[in-house]
Participant: 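Before I ask anything, let me first share the structure, which is written out below as structure tokens.
Please read all numbers here as calculations on a predicted model, not as lab measurements. Quick note on labels: first sequence line is chain A, next is B, and so on, each numbered from 1.
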Amino acid sequence: MPTEGELIANRLAKRERLLARGGGYPARTRRTHSCRAAVTLFESTESGSAEPGSGSAPHAALGGRVTGQRVLGRAAFLDLRDGSGSIQLYLRRDLLPEGEYELLELLDVGDFVEAEGTLIRTRSGEVTLAAESWRILVKALRPLPEKWAGLSDPETRYRERHLDLVANERSREVARISAATVSTVRRFFEDRGFLEVATPVLVDQAGGAAARPFRTYHNALDRELVLRISIELHLKRLLIGGFDRVFEIGRVFRNEGLSHRHNPEFLLLESYEAYADYEDVARMVEQLVRHVAMEVRGTLEIPHGDLVVDLASPWARTTYREALLEHAGIDYRDYPDRDALAGAAAERGVPVDPAASWASVVDAIMQRLVEPELVQPTFVFDYPTELSPLAKAREDDPAVVERFELFILGYEFANAYSELNDPVEQRRRLEAQALKRAAGDEEVEVADEAFLEALESGMPPAGGLGMGLERLMMLMTGEHSIREVLLFPALRDRGDSPKSPGNAP
RNA sequence: GGGCCCGUAGCUCAGCGGCAGAGCAGUGGACUUUUAAUCCAUCGGCCGGAGGUUCGAAUCCUCCCGGGCCUACCA
């Protein structure tokens, strides 16, 4: 077992020899088929001939990465893989032009090659390209993870995702399901006449949610900027401008801790529909999630760990007040006093920050005692107004707003309102939040003057939706950690410098 | 932030006070239908880092770095 440096040095030497022969790193290839297409081609014209070069056997030129090799003297088998799948290559000295078989001396697992020849089925039944010509396209300098045990160290899988994807079919599958989830969501909204827009990521103030932002600086404008924590306020300005249905799928950034379900940057879907209310949005979300499940999984019963998430049955509906009563035994209306509520929370084992407001206490109880219980899809309607500064109050009860959150697997999947569009009331609510901020609470909604002014020009009644798409990916893939569905999850800096082949002895 | 666990060869892992190990990969050789090819030979180490205990530390202790799980926070 030579050191990593020696392994790389071996491959660098082979690269030199390859270049000396006039090969290596060509810009163009002669590929005629993907690996999968070649197998399909052969099976559709199955000649059954086990002897290469005979009769009407189909011909193909393939390219891909060598993932395994079995050399038997004057013949060799290579496993070739491209983005479509894999196929076996058969190299035989007497089938190849003079000197080409000896290229094997320069080949390592991990290199990309091109081979052109005849498709056959071997004695053991495998569809195989019997090469009549081949070359090395790319010399890989680093050894790939071991072929049988593969790559399992989570840290390496996350930090060097390319190796994880090469080594683990499951990781490729998760990436494909995640991508299909996003494209299906996009198509769902497009098919319903929503306009997809792109609004600024760099903004003056981080509004639309309550979270700490990342701060940055624009040199030419000599301006402090922050990265958005939400998309909401810009999309509402588009409703004001006259678009009735808009949506955006975009990254938002929250300067908070990491966990198995939180990443500092994540993919947020927001949609706004004029002349709709939160009941309409709830119906749409139910359709959306079911549609995605059918498109990417082909079923409405999604296995997740030990349980099955049932998307087919009608989704449970409750209210914030009922949910707290059922799971925590607290009717928050019996505790209009902050300290009394904090006492009730403490009795139930919910830790309470002494500085927390009434709203923070009630929400701590919700998060701690209620949300984890909501495993099967559950809508929770009608949140306390104090928790929801951008939502419209119920006409029959101004203490609560027309807001719902959707919970699946014990965590928040979606958040939706009948959007507050009374500019005077909106200003009053945001000013109340500003008082909290002045009292030291950094995680409250900011009063965005540009948004408030826009609202004064008149926003139609509308229903809005926000949904973290990584959580939808987690549901669709059955993964329990957001790091599995993020291709490059945020990690701490390991501190050492990247290894370079240039440093190899 | 707190608790538990992990870090040994390129990869997957064993060793847990007494000479640093295995498989795969690599290197040399044999082999024209293999598919975890096989067979022979062989190279290979900052045991995450720094201190400490000890005659002696990969092994025990402390701190630090990185990761995982649980938990908390993120309305």
Participant: What about A/F404 and A/Y417, are their ring centers closer than 6.0 Å?
Facilitator: no
Participant: What side-chain donor-acceptor pairs closer than 3.5 Å can you find for residues 67-74 of chain A, not counting sequence neighbours?
Facilitator:
from  : atom 1 : to    : atom 2 : distance (Å)
A/R70 : NH1    : A/D79 : OD2    : 3.0
A/R70 : NH2    : A/D79 : OD1    : 3.0
A/R70 : NH2    : A/Q88 : OE1    : 2.8

Participant: Taking atom types as they are modelled, would you say the side chain of A/T128 forms a donor-acceptor pair with the base of B/U34 within the 3.5 Å cutoff?
Facilitator: no
Participant: Between B/G15 and B/A9, how far is it from one C1' atom to the other, in whole Å?
Facilitator: 14 Å
Participant: Would you please name every residue forming a side chain to side chain donor-acceptor pair (under 3.5 Å) with A/R471, sequence neighbours left out?
Facilitator: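 Counting only residues at least two positions away or on another chain, A/R471 forms a side chain to side chain donor-acceptor pair (under 3.5 Å) with A/H262.
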Participant: Is A/P264 touching bases, backbone alone, or none of the nucleic acid, heavy atoms closer than 4.0 Å?
Facilitator: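 Result for A/P264 = nothing.
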Participant: Can you sort out the partners of A/H480 under ring-ring contact (aromatic ring centres under 6.0 Å, His included), two or more places apart, ordered by chain and number?
Facilitator: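 A/H480 satisfies ring-ring contact (aromatic ring centres under 6.0 Å, His included) with A/H304 only.
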Participant: With no angle test and no hydrogens, is the base of B/U32 tied to the side chain of A/D94 by a donor-acceptor pair under 3.5 Å?
Facilitator: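 Yes.
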Participant: Got a donor-acceptor pair under 3.5 Å from the side chain of A/R70 to the base of B/U34?
Facilitator: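 Side chain to base: pair present.
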Participant: Any N or O donor-acceptor pair under 3.5 Å from the base of B/U32 to the side chain of A/R93?
Facilitator: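 No, the side chain and the base share no sub-3.5 Å donor-acceptor pair.
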Participant: Please tell me which of the listed nucleotides, B/U34, B/G66, B/A37, lies nearest to the side chain of A/K147?
Facilitator: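 In terms of side-chain proximity for A/K147, the closest of B/U34, B/G66, B/A37 is B/A37.
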Participant: With a 6.0 Å cut-off (strictly less than), is the heavy-atom count around CZ of A/R172, excluding the residue itself, greater than 12?
Facilitator: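 Atom CZ in A/R172 is crowded, with more than 12 foreign heavy atoms closer than 6.0 Å.
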Participant: Using a 4.0 Å heavy-atom cut-off, does A/S152 contact any base of the nucleic acid, only the sugar-phosphate backbone, or nothing at all?
Facilitator: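 A/S152: backbone/sugar contact only, no base atoms under 4.0 Å.
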Participant: Once you apply the 3.5 Å cut-off to both distances, tell me the Watson-Crick or G-U wobble partner of B/A36, or none.
Facilitator: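 Result: none.
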Participant: With nearest nucleotides of RNA chain B determined for A/W148 and A/E405 from heavy-atom distances, which residue corresponds to the more 5′ nucleotide?
Facilitator: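 It is A/W148, whose closest nucleotide lies nearer the 5' terminus.
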Participant: For RNA chain B, find the residues of residues 324-345 of chain A with a heavy-atom distance under 4.0 Å and give them by number; none if there aren't any.
Facilitator: none
Participant: Using a 3.5 Å distance criterion without hydrogens, assess whether the side chain of A/R161 forms a donor-acceptor pair with backbone atoms of A/S171.
Facilitator: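 Side chain of A/R161 to backbone of A/S171: no pair is present.
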Participant: Ignoring hydrogens and angles, state whether a donor on the side chain of A/N415 or A/R403 is under 3.5 Å from an acceptor on the partner side chain.
Facilitator: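 Present: a donor and an acceptor within the cut-off.
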Participant: Taking atom types as modelled and ignoring hydrogens, do the side chains of A/E322 and A/T318 form a donor-acceptor contact shorter than 3.5 angstrom?
Facilitator: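 The criterion, which ignores hydrogens and geometry beyond distance, is satisfied for A/T318 and A/E322.
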Participant: How would you label the contact of A/L491 with the nucleic acid (heavy atoms, under 4.0 Å): base, sugar-phosphate, or nothing?
Facilitator: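 Result for A/L491 = sugar-phosphate.
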Participant: Under a 4.0 Å heavy-atom cut-off, which of residues 251-262 of chain A touch RNA chain B?
Facilitator: A/E256, A/S259, A/H262
Participant: Going by the rule salt bridge (charged side-chain N to carboxylate O under 4.0 Å, His left out), which residues pair with A/D111 if we only count those two or more places apart in sequence or in a different chain?
Facilitator: A/K139
Participant: Is the distance between the ring centroids of A/W358 and A/Y332 less than 6.0 Å?
Facilitator: yes
Participant: Any pair with a residue in residues 336-352 of chain A that passes salt bridge (charged side-chain N to carboxylate O under 4.0 Å, His left out), sequence neighbours left out, goes on the list, sorted by first then second residue, please.
Facilitator: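 Matches after skipping sequence neighbours: none remain.
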Participant: Under 4.0 Å between any heavy atoms, over every strand shown, what does A/R368 touch: base, sugar-phosphate, or nothing? Just pick one.
Facilitator: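 It contacts sugar-phosphate atoms only.
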Participant: Go through the structure and list residues passing ring-ring contact (aromatic ring centres under 6.0 Å, His included) with A/H327, not counting sequence neighbours.
Facilitator: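 For A/H327 there are no ring-ring contact (aromatic ring centres under 6.0 Å, His included) partners, ignoring immediate neighbours.
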Participant: Would you kindly compare A/L144 and A/L72 by the position of their nearest RNA chain B nucleotide and give the one closer to the 5′ end?
Facilitator: A/L144
Participant: Going by the rule side chain to side chain donor-acceptor pair (under 3.5 Å), which residues pair with A/R17 if we only count those two or more places apart in sequence or in a different chain?
Facilitator: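 A/R17 satisfies side chain to side chain donor-acceptor pair (under 3.5 Å) with A/E105 once adjacent residues are dropped.
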Participant: Which part of the nucleic acid, if any, lies within contact of A/D79, taking any heavy atom under 4.0 Å across all strands shown: a base, the sugar-phosphate backbone alone, or nothing?
Facilitator: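 Contact class for A/D79: none.
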Participant: Just to verify, what does A/E100 make a side-chain contact (heavy atoms from CB on, under 4.5 Å) with, not counting sequence neighbours?
Facilitator: A/L96, A/P97, A/S133, A/W134
Participant: Within the 4.0 Å heavy-atom criterion, would you say A/Y158 contacts the bases, only the backbone, or no part of the nucleic acid?
Facilitator: sugar-phosphate
Participant: Near RNA chain B, under 4.0 Å by heavy atom, which residues of residues 59-69 of chain A?
Facilitator: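 Result for residues 59-69 of chain A: A/Q69, sorted by number.
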Participant: For nucleotides 2-8 of chain B, which of its nitrogen or oxygen atoms have a protein nitrogen or oxygen under 3.5 Å away, and what is each distance?
Facilitator:
none

Participant: Could you tell me whether the side chains of A/Y320 and A/E405 share a donor-acceptor contact shorter than 3.5 Å?
Facilitator: no
Participant: Among the nucleotides B/U12, B/U27, B/U33, which one has an atom lying closest to any side-chain atom of A/A149?
Facilitator: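 Looking only at side-chain atoms, A/A149 lies closest to B/U12.
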Participant: Of the nucleotides B/G66, B/U34, B/C43, which has the atom closest to the A/E6 side chain?
Facilitator: B/C43
Participant: With C1' as the reference atom in both, quote the distance from B/C19 to B/C5 in angstrom, rounded to an integer.
Facilitator: 31 Å
